[in-house]
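Here the structure comes first, spelled out in structure tokens, and everything after it is commentary.
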Amino acid sequence: MLRIVVCVSGGGTNLQAILDAIDNGTITNTQVMAVVSNNAGAKALTRAENHGIPGLLMSPKEYADRAAFDQAFTEKMVELNPDLIVLAGFLVKIPEQMVEKFSNRIVNIHPSLIPSFCGVGYYGLKVHEKVLERGAKVTGATVHFVNEGMDEGPIIAQKAVYVQQDDTPEVLQRRVMEEAEWILLPQAIDDIANGRIVVADGKVRYI
Ligand code: GAR
């Protein structure tokens with residue numbers, strides 16, 4: 001049984017997709033131990049509560065400085081000791097010490113086709129605003145392992161989504177979620193839970 005902790009910051013629709021996929025058997029051999037949020041008002045915490053899953057608040061704002069938060073966050077994760085940490089719309093940079101301790105055990109969903117429209121400053125709605133500003137015709141989503149870089153770890157899965165002429169950032173965000181994110185992230189978790197993925201030479205291979 002893969003024991004996962006899901007980290008969230010906002011709406012939690014990706015968390016919901018994971019919970020639904022576990023309930024309907026799309027994800028097997030997996031249990032959500034806890035949901036961690038940096039934002040006390042996150043709707044994602046309500047979704048966790050509705051599912052009887054413990055919610056934890058871990059916000060940099062509650063610590064004297066970033067180093068103190070990084071240490072406390074890492075210690076909390078070490079204490080929980082999940083098999084996998086899933087960043088599902090978590091907008092806080094993962095501390096390096098945590099990446100070291102959970103090497104190839106942290107995955108992130110990003111709402112673009114990495115290496116396009118990613119890195120510092122590219123998160124949430126901003127990603128879709130930049131896609132529209134650039135006039136890109138295709139975007140999508142990526143699930144990847146987290147390393148010390150920003151959106152740079154080994155890519156697990158990607159799915160393309162067409163941009164439509166009259167898209168607003170909100171409309172595009174919703175289409176990317178529906179057509180890519182809510183499918184890709186549960187699939188990747190199921191693949192990990194069932195031993196279908198290995199990382200070799202910094203790349204993901206399916207076995
Ligand atoms: C999702 O689109 C996710 O891909 C994105 O934030 C949104 C969270 O939505 N994550 C990033 O931008 C990370 N760089 P949700 O809270 O409804 O799942």
Side-chain angles (χ1 to χ4, degrees), residues 4-22 26-27 32 34-51 53 55-60 73 84-95 98-99 106-134 136 138-161 163 167-189:
I4 68 175
V5 167
V6 183
C7 299
V8 296
S9 295
T13 63
N14 278 286
L15 167 67
Q16 192 65 54
I18 295 167
L19 297 174
D20 292 347
I22 291 174
T26 307
I27 299 177
V32 181
V35 169
V36 172
S37 175
N38 64 310
N39 167 11
K43 189 173 170 198
L45 284 174
T46 314
R47 295 180 193 270
E49 198 184 333
N50 291 342
H51 240 81
I53 296 165
L56 287 166
L57 186 64
M58 286 294 316
S59 168
F73 187 24
L84 185 73
I85 298 167
V86 178
L87 311 182
F90 189 58
L91 305 182
V92 175
K93 174 120 172 62
I94 299 301
M98 199 166 129
V99 173
I106 309 175
V107 297
N108 178 47
I109 178 98
H110 182 77
S112 76
L113 293 175
I114 290 174
S116 289
F117 303 105
C118 65
V120 178
Y122 286 85
Y123 58 89
L125 203 58
K126 287 188 194 297
V127 176
H128 307 289
E129 285 167 4
K130 305 266 190 202
V131 166
L132 294 177
E133 260 168 47
R134 184 62 185 84
V138 180
T139 183
T142 303
V143 184
H144 64 95
F145 284 109
V146 172
N147 66 7
E148 50 298 322
M150 189 66 126
D151 302 330
E152 284 176 6
I155 292 174
I156 299 169
Q158 295 187 294
K159 193 162 187 288
V161 174
V163 179
D167 276 347
T168 62
E170 290 79 7
V171 167
L172 182 58
Q173 179 181 51
R174 181 78 192 181
R175 188 179 317 111
V176 169
M177 285 175 160
E178 283 176 356
E179 292 184 11
E181 295 187 46
W182 300 342
I183 300 163
L184 277 189
L185 187 56
Q187 224 167 50
I189 294 169

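Note: hydrogens, waters and symmetry copies are ignored here, and every other heavy atom, side chains too, is used. Each ligand, and each atom within it, is numbered from 1 in the order the structure gives. Only a predicted model underlies this, so the values are computations on that prediction, with no experimental measurement involved.
Of the protein's heavy atoms, Glu181 OE1, 2.7 Å lies nearest to atom 4 (O) of ligand 1. Looking only at heavy atoms of the protein, atom 6 (O) of ligand 1 is closest to Gly89 CA, 3.7 Å. Counting protein heavy atoms only, atom 9 (O) of ligand 1 is closest to Met177 CE, 3.4 Å. In terms of protein heavy-atom proximity, atom 11 (C) of ligand 1 is closest to Pro111 CD, 3.6 Å. The protein non-hydrogen atom at the shortest distance from atom 14 (N) of ligand 1 is His110 ND1, 3.2 Å.
Between His128 and ligand 1, not a single N/O pair is under 3.5 Å apart. Below 3.5 Å of separation, one finds no N or O of Asp151 facing any N or O of ligand 1. Ligand 1 has an N or O atom lying under 3.5 Å from an N or O atom of Gly12, backbone or side chain. Considering backbone and side-chain atoms alike, Gly124 places an N or O below 3.5 Å from some N or O of ligand 1.
Taken from NE2 in His51 to OG1 in Thr46, the straight-line distance is 13.5 Å, to the nearest 0.5 Å. Interatomic distance, CD1 of Ile18 versus CZ of Arg47, reported as 11.5 Å (0.5 Å rounding). Atom OG of Ser9 and atom CG of Asn39 lie 7.0 Å apart (nearest 0.5 Å). With values rounded to the nearest 0.5 angstrom, Arg134 atom CZ is found 13.0 Å from Thr139 atom OG1. Leu113 contributes atom CG, which lies 10.5 Å from atom NZ of Lys159 (distance to the nearest 0.5 angstrom).
The side-chain contact (heavy atoms from CB on, under 4.5 Å) test with Val143 singles out one residue from Ile189, Leu184, Ile114, Leu87, and that residue is Leu184.
Annotation: side chain of Phe145 is not in contact with side chain of Ile106 (no heavy-atom distance under 4.5 Å).
Remark: ligand 1 atoms within the under-4.0 Å shell around heavy atoms of Ile109 are 4 (O), 10 (N), 13 (C). Contact atoms of ligand 1 toward Asn14: 1 (C), 18 (O) (distance under 4.0 Å to a heavy atom of the residue).
Ligand 1 does not have Val8 within reach: every non-hydrogen atom of the residue lies 4.0 Å or more from it.
Qualifying side-chain contact (heavy atoms from CB on, under 4.5 Å) partners for Ala40, counting only residues two or more places apart in sequence or in other chains: Leu57.
Of all the listed residues (Leu87, Thr13, Val143), Thr13 holds the heavy atom that lies closest to atom 15 (P) of ligand 1.
Each side chain to side chain donor-acceptor pair (under 3.5 Å) pair with one or both residues in residues 114-132, not counting sequence neighbours, would appear here, but there are none.
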